[in-house]
2 protein chains.
Amino acid sequence: MDRPAAPKRTRIQREKRELIREAALEVFAQHGFRGSTIDQIADAAGMSKPNLLYYFKNKEAIFATLIQRLLETWLAPLRAMDEAGDPQTEIRSYIRRKMEMARDFPRESRLFANEILQGAPRILPTLEGELKALVDEKAAVIAHWMRDGKLKTSDPYHFIFAIWATTQHYADFDVQVRAVLGDKRGGEGRFEDAARFLEGLFLG
Amino acid sequence: MDRPAAPKRTRIQREKRELIREAALEVFAQHGFRGSTIDQIADAAGMSKPNLLYYFKNKEAIFATLIQRLLETWLAPLRAMDEAGDPQTEIRSYIRRKMEMARDFPRESRLFANEILQGAPRILPTLEGELKALVDEKAAVIAHWMRDGKLKTSDPYHFIFAIWATTQHYADFDVQVRAVLGDKRGGEGRFEDAARFLEGLFLG
DNA sequence: GCAAATTTTGACCGTTTGGACAAACGTTAA
DNA sequence: TTAACGTTTGTCCAAACGGTCAAAATTTGC
């Protein structure tokens with residue numbers, strides 16, 4: 001598992017690369033990979049295109065670092081689910097954490113959704129490897145909890161999928177959610193409302 | 001509400017326009033609007049680019065007819081939910097229908113997801129108008145059922161969102177679902193498994 | 001303060017893209 | 001048969017795109 005040694009970077013390189021990642025996240029999340037241009041990202045980062053290309057060798061490279069970082073963040077909540085903990089509490093925490101991510105990192109969620117929608121060309125191996133392994137492990141934990149009667153019995157895989165789908169919906173389909181809820185119910189409280197609803201749905 | 005009079009079309013025009021729509025659906029669903037090229041669509045439809053542009057005045061126009069048709073199909077299952085029917089049966093049928101759509105029309109689902117992800121630039125008015133009105137109406141029906149004790153009490157809006165999110169997940173995130181389930185559980189039966197799970201989740 | 005290293009810029013290039021157009025081809029109906 | 005109409009094609013264009021490069025400007029280490 002020897003990955004290429006991380007190149008030494010100057011302070012400016014670290015700062016500018018981070019600045020570019022931030023800008024690229026904004027742009028990629030809205031337009032997808034092919035729909036985004038280097039110029040757009042450079043603009044959003046407040047620098048010229050050649051300058052940006054001094055820090056990343058091409059468009060792919062920018063996208064790659066985003067996706068890589070994304071996957072870590074994304075799987076963290078599921079990793080945190082603890083077999084030794086109280087099942088109800090663990091599930092509730094998991095839902096809460098995912099919901100907070102939908103609220104606080106909607107761009108990351110949309111970037112991920114975009115990638116999957118297009119067939120996950122860049123992360124399919126990770127999905128089949130790391131993600132599958134993690135889900136297999138946690139599905140076993142959930143199945144165990146269900147056998148012990150601590151959780152209502154159902155299919156643990158689809159149980160996990162349902163939590164993913166419902167929580168991420170509030171990030172990915174936010175426009176639609178707000179359009180349907182209108183001004184009153186669609187305000188800032190919508191994430192809290194949703195979290196409460198989902199706890200009832202999955203634990204009630 | 002006078003929309004522009006539908007132009008008279010020859011038989012060939014009707015056939016070719018349909019052929020183009022079919023090809024465009026395939027391409028747009030995979031790459032999104034900006035990520036798709038007219039050449040790709042023309043190729044997929046087996047004709048030259050100028051020929052395609054004889055039938056649709058530009059890329060936007062192709063996309064527009066797809067989106068328009070999509071919305072009809074999309075809302076049909078929810079419209080079909082009948083206040084006079086048995087609540088459990090109505091909800092079950094709704095989930096089944098949505099699940100069948102995820103299985104049989106995944107391209108339509110992905111096209112829709114793409115559009116929403118990008119902020120729904122072309123259909124926001126429809127979401128705020130027609131869709132909101134329909135959901136308001138059906139949410140009231142569901143709330144009524146809940147008050148009558150025919151359905152477990154919860155927030156009817158988030159209840160509908162949850163059904164949307166979970167069913168469409170199996171179309172939009174199909175790659176991920178298959179990657180995680182693997183060959184055995186991820187075969188053709190996955191839609192049936194999911195449907196059963198969701199019935200339990202929403203009605204059990 | 002200065003030389004070396006790093007950062008930024010403007011000008012440029014080949015390719016792809018959306019779209020225009022006129023000419024050619026095919027079909028139909030008087 | 002032929003004129004009118006519908007369809008298809010090859011060619012072309014301007015803009016946008018991803019990316020290069022050498023030179024200028026700036027920062028850094030001594």
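Quick note on labels: first sequence line is chain A, next is B, and so on, each numbered from 1.
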Going by the rule side-chain hydrogen bond (donor to acceptor under 3.5 Å, both in side chains), which residues pair with [X] if we only count those two or more places apart in sequence or in a different chain?
X      : answer
A:R185 : B:D155
B:R96  : B:E192, B:E199
A:H158 : B:Y170
A:E130 : A:R79

- request: Could you list the residues that satisfy side chain to side chain contact (heavy atoms under 4.5 Å, CB included) with A:R21, not counting sequence neighbours?
  value: A:R17, A:E18, A:F56, A:T65, A:L66, A:R69
Side chain to side chain contact (heavy atoms under 4.5 Å, CB included) against A:R122, all qualifying residues, sequence neighbours excluded: A:F33, A:E60, A:F63, A:E115
message: Classify B:Y55 by what it touches in the nucleic acid, base, sugar-phosphate, or nothing, heavy-atom distance under 4.0 Å.
response: sugar-phosphate
task: Taking heavy atoms of chain A and a 4.0 Å limit, find me the 5'-most and 3'-most nucleotide of DNA chain C within that range.
output: C:dT6 to C:dT17
- prompt: A:K138: what forms a salt bridge (charged side-chain N to carboxylate O under 4.0 Å, His left out) with it, not counting sequence neighbours?
  reply: none
message: For B:D82, give me all partners under salt bridge (charged side-chain N to carboxylate O under 4.0 Å, His left out), at least two apart in sequence or on another chain.
response: none
Could you list the donor-acceptor pairs under 3.5 angstrom formed between side-chain atoms of residues 100-107 of chain B and any protein atom two or more places apart in sequence or on another chain?
| residue | atom | partner | partner atom | Å |
| --- | --- | --- | --- | --- |
| B:R107 | NH1 | B:E22 | OE2 | 2.9 |
| B:R107 | NH1 | B:E26 | OE1 | 2.6 |
| B:R107 | NH2 | B:E22 | OE1 | 3.3 |

query: Does D:dT8 have OP1 or OP2 sitting under 4.0 Å from an N or O in the side chain of B:Y54?
result: no
query: OP1, OP2 of D:dT7 versus side-chain N and O of B:Q13: anything below 4.0 Å?
result: yes
- line: Expected string for nucleotides 14-21 of chain D under the B/S/- scheme (protein heavy atoms, under 4.0 Å, primed atoms plus P, OP1, OP2 as sugar-phosphate) is ---SBBBB
task: Could you encode protein contacts along nucleotides 24-30 of chain D as a string, one character per nucleotide from 5' to 3', using B for base contact, S for sugar-phosphate-only contact and - for no contact, with a heavy-atom cut-off of under 4.0 Å?
output: ----S--
task: Determine yes or no for a side-chain-to-main-chain donor-acceptor pair under 3.5 angstrom, with B:K59 supplying the side chain and B:S36 the backbone.
output: yes
